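Hydrogens, waters and symmetry mates are skipped; everything else that's a heavy atom, side chains included, is used. Note on naming: letters A, B, ... go to the chains in the order of the sequence lines (proteins, then strands), and numbering restarts at 1 for each one. Quantities reported herein were computed from a predicted structural model and do not represent experimental measurements.
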Number of protein chains: 2
Amino acid sequence: MSLRHALLALLRVGPLSGYDLQKQFSQSVGHVWHAADSQIYPELRKMALEGLVTVEEQTRGERGMRKVYHVTEDGERAFTDWLDSAPEYQRIRDAAHLRAAYLESADPEAARAFLRAHIAHWEHELSCWEGELSHIEAIDNPMLVRRLAVTSEQDRERTIAYKRFAYDGLADRARGEIAWAERGLRLIDELEGPGAR
Amino acid sequence: MSLRHALLALLRVGPLSGYDLQKQFSQSVGHVWHAADSQIYPELRKMALEGLVTVEEQTRGERGMRKVYHVTEDGERAFTDWLDSAPEYQRIRDAAHLRAAYLESADPEAARAFLRAHIAHWEHELSCWEGELSHIEAIDNPMLVRRLAVTSEQDRERTIAYKRFAYDGLADRARGEIAWAERGLRLIDELEGPGAR
DNA sequence: CGTGGCATGTAAGCGGTTACATGATTGA
DNA sequence: TCAATCATGTAACCGCTTACATGCCACG
């Protein structure tokens with residue numbers, strides 16, 4: 001249910017077209033809450049129906065058009081209500097740890113390949129998040145810049161601090177996953193003997 | 001797509017009825033891959049249709065009946081093929097870190113409540129996983145006991161080691177989430193002043 | 001005149017959630 | 001005879017994925 005909150009988080013900074021929103025999304029909040037393009041347009045439509053946003057239809061050239069979305073008071077309230085509400089947690093469904101629990105039935109080389117893939121995956125995530133962190137520190141992420149432009153002086157530090165806090169947490173998690181998988185590789189060496197590679 | 005692999009992991013140890021499977025599930029592999037009861041029966045039916053398991057229908061008393069599922073060679077192969085295949089990763093969708101990134105818009109007390117709830121959630125998960133770890137060390141988890149009974153002497157150590165590895169990883173992740181949320185509570189104190197509580 | 005980016009979607013399907021639904025057996 | 005537990009499901013819905021579908025505009 002958080003796609004709409006992610007969208008509201010961006011729109012709250014200022015109106016955006018569906019297309020621009022989708023672009024900004026993948027470069028900012030999309031690093032925390034992924035959404036496919038094909039999901040964003042229908043969700044915006046539903047949000048408009050529910051009165052969380054209004055649609056301003058603009059013409060582009062002769063026949064082209066774009067829809068610019070504005071947050072309403074209800075939308076603003078939906079966002080802050082969500083922030084102030086009790087969090088909900090997904091039930092665990094962790095394919096990597098499920099697999100890890102049964103590695104004794106895998107081919108040792110396949111087990112190593114799995115852990116190397118795990119490391120590669122989380123190193124990629126880590127570099128994304130470290131990149132975001134440096135954009136936060138340098139204040140050169142486009143959405144953050146827009147956000148700070150409409151934020152009072154005394155709130156800027158808080159805004160930046162919470163973003164840093166969020167991405168720091170994600171980066172730590174990635175480091176933990178990498179360290180775990182590296183422990184796993186050493187464990188395979190101990191149990192199955194050193195590998196071919 | 002991993003529900004069936006979780007089910008195969010249990011059935012591979014020996015045949016079980018849908019009901020017993022569901023009970024065992026929630027006490028073992030369900031700690032890593034959650035599944036609702038209502039999901040397990042249809043999935044077993046599909047797996048039978050696809051030839052991964054066979055169904056042995058047993059009568060119970062006059063009219064009662066139970067279906068006992070046995071893994072077929074195809075089922076065995078589906079499981080090991082999965083273990084040997086490249087892992088797939090879900091796109092990130094992390095409500096807690098999404099929320100954390102926008103805490104400047106939340107009421108400070110609600111922000112604290114959120115982080116306390118985060119800590120409580122992960123402490124609960126942690127105690128589950130630490131419990132599982134002690135069952136693994138003591139070798140008194142029912143499924144593990146059954147598993148080891150059909151495992152050769154020299155494979156027991158490996159079997160236990162990989163389970164320990166998997167649950168250690170989950171426990172570390174939980175500790176990371178707790179440490180992160182505690183940092184968050186201190187950050188709120190710094191930014192918003194010490195709280196009411 | 002073509003290409004790349006702007007712009008907006010639909011449709012089918014899948015895995016999971018929630019709620020509902022039913023009935024038999026066992027033991028106190 | 002009553003409750004607990006054994007035992008097996010169905011139906012509606014929801015969010016997400018994948019693939020498909022269309023057409024305009026600006027620029028070289």
Side-chain angles (χ1 to χ4, degrees), chain A residues 1-8 11 15-27 29-30 32-50 52-53 55-69 82 88-95 98, chain B residues 1-8 11 15-27 29-30 32-50 52-53 55-69 82 88-95 98:
Chain A
M1 258 306 276
S2 283
L3 171 56
R4 63 176 49 192
H5 302 119
L7 293 171
L8 285 170
L11 284 177
L16 282 169
S17 70
Y19 185 79
D20 288 337
L21 187 52
Q22 177 237 103
K23 293 278 135 178
Q24 293 301 326
F25 195 95
S26 61
Q27 284 165 45
V29 72
V32 181
W33 191 276
H34 171 80
D37 307 353
S38 66
Q39 213 186 336
I40 290 177
Y41 291 109
E43 186 64 27
L44 286 168
R45 213 165 147 269
K46 272 202 286 178
M47 287 164 73
L49 280 173
E50 293 174 38
L52 304 181
V53 295
V55 192
E56 173 198 349
E57 302 206 342
Q58 293 182 346
T59 50
R60 237 170 49 94
E62 282 305 297
R63 270 179 299 277
M65 74 102 119
R66 48 192 247 131
K67 297 181 181 175
V68 176
Y69 293 89
W82 170 69
E88 286 168 24
Y89 289 89
Q90 296 295 116
R91 306 303 294 262
I92 186 165
R93 212 162 269 121
D94 187 313
L98 173 61
Chain B
M1 260 304 277
S2 282
L3 171 56
R4 62 177 50 193
H5 301 120
L7 293 172
L8 286 170
L11 284 177
L16 281 170
S17 71
Y19 185 78
D20 288 338
L21 187 53
Q22 176 237 103
K23 293 277 136 177
Q24 293 301 326
F25 195 95
S26 60
Q27 285 165 44
V29 72
V32 181
W33 191 278
H34 171 80
D37 307 354
S38 66
Q39 214 185 335
I40 290 177
Y41 291 108
E43 185 65 25
L44 286 168
R45 213 167 146 269
K46 272 202 284 178
M47 288 163 73
L49 281 173
E50 293 175 38
L52 304 181
V53 296
V55 193
E56 175 197 348
E57 302 206 341
Q58 293 182 346
T59 51
R60 238 171 48 94
E62 283 304 298
R63 272 179 298 277
M65 74 101 120
R66 48 193 245 132
K67 296 182 182 175
V68 176
Y69 293 90
W82 170 69
E88 286 168 26
Y89 290 88
Q90 295 295 118
R91 308 302 296 263
I92 186 165
R93 211 162 268 122
D94 188 314
L98 173 62

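The separation between B:Gln22 atom CD and D:dT5 atom P is 13 Å, rounded to whole Å. Across the protein-nucleic acid pair, B:Glu57 atom CD and D:dA7 atom P stand 14 Å apart, rounded to whole Å. Atom pair B:Leu44:CG and D:dG9:P shows a separation of 9 Å (rounding to whole Å applied). As a whole-Å value, the separation of A:Lys67 NZ from C:dG9 C1' is 9 Å. Put simply, CD1 on B:Ile92 is 14 Å from P on D:dC16, counting in whole angstrom units. Atom CE of A:Met47 and atom P of D:dG15 are 13 Å apart (whole Å). Spacing between atom CZ of A:Arg4 and atom P of D:dC14 amounts to 11 Å, rounded to whole angstrom units. Atom-to-atom, CG of B:Asp20 to C1' of D:dC6 comes out at 9 Å; the value is rounded to the nearest Å.
Residues meeting the salt bridge (charged side-chain N to carboxylate O under 4.0 Å, His left out) test with B:Arg66, sequence neighbours left out: B:Asp20. Every salt bridge (charged side-chain N to carboxylate O under 4.0 Å, His left out) that A:Glu43 has, sequence neighbours left out, goes to A:Arg4, A:Lys46. The side-chain contact (heavy atoms from CB on, under 4.5 Å) check on B:Glu56 picks up B:Gln58, B:Val68, B:His70, with sequence neighbours excluded. Looking at residues two or more places apart in sequence or on another chain, you find a ring-ring contact (aromatic ring centres under 6.0 Å, His included) between A:Trp82 and A:His5, A:Phe79. For B:Asp37, there are no salt bridge (charged side-chain N to carboxylate O under 4.0 Å, His left out) partners two or more places apart in sequence or in a different chain.
Contact between the side-chain N/O atoms of A:Lys23 and the OP1/OP2 oxygens of C:dG5 is not found at any separation under 4.0 Å. Distances shorter than 4.0 Å separate some side-chain N or O of A:Tyr19 from OP1 or OP2 on C:dC6.
When all heavy atoms are compared, the tightest approach of A:Ala36 to A:His34 is N-NE2, 3.8 Å.
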- Using a cut-off of 4.0 Å between protein heavy atoms and nucleotide atoms, how would you tag nucleotides 15-28 of chain C 5' to 3' with B, S and -? SSBBB----SS---
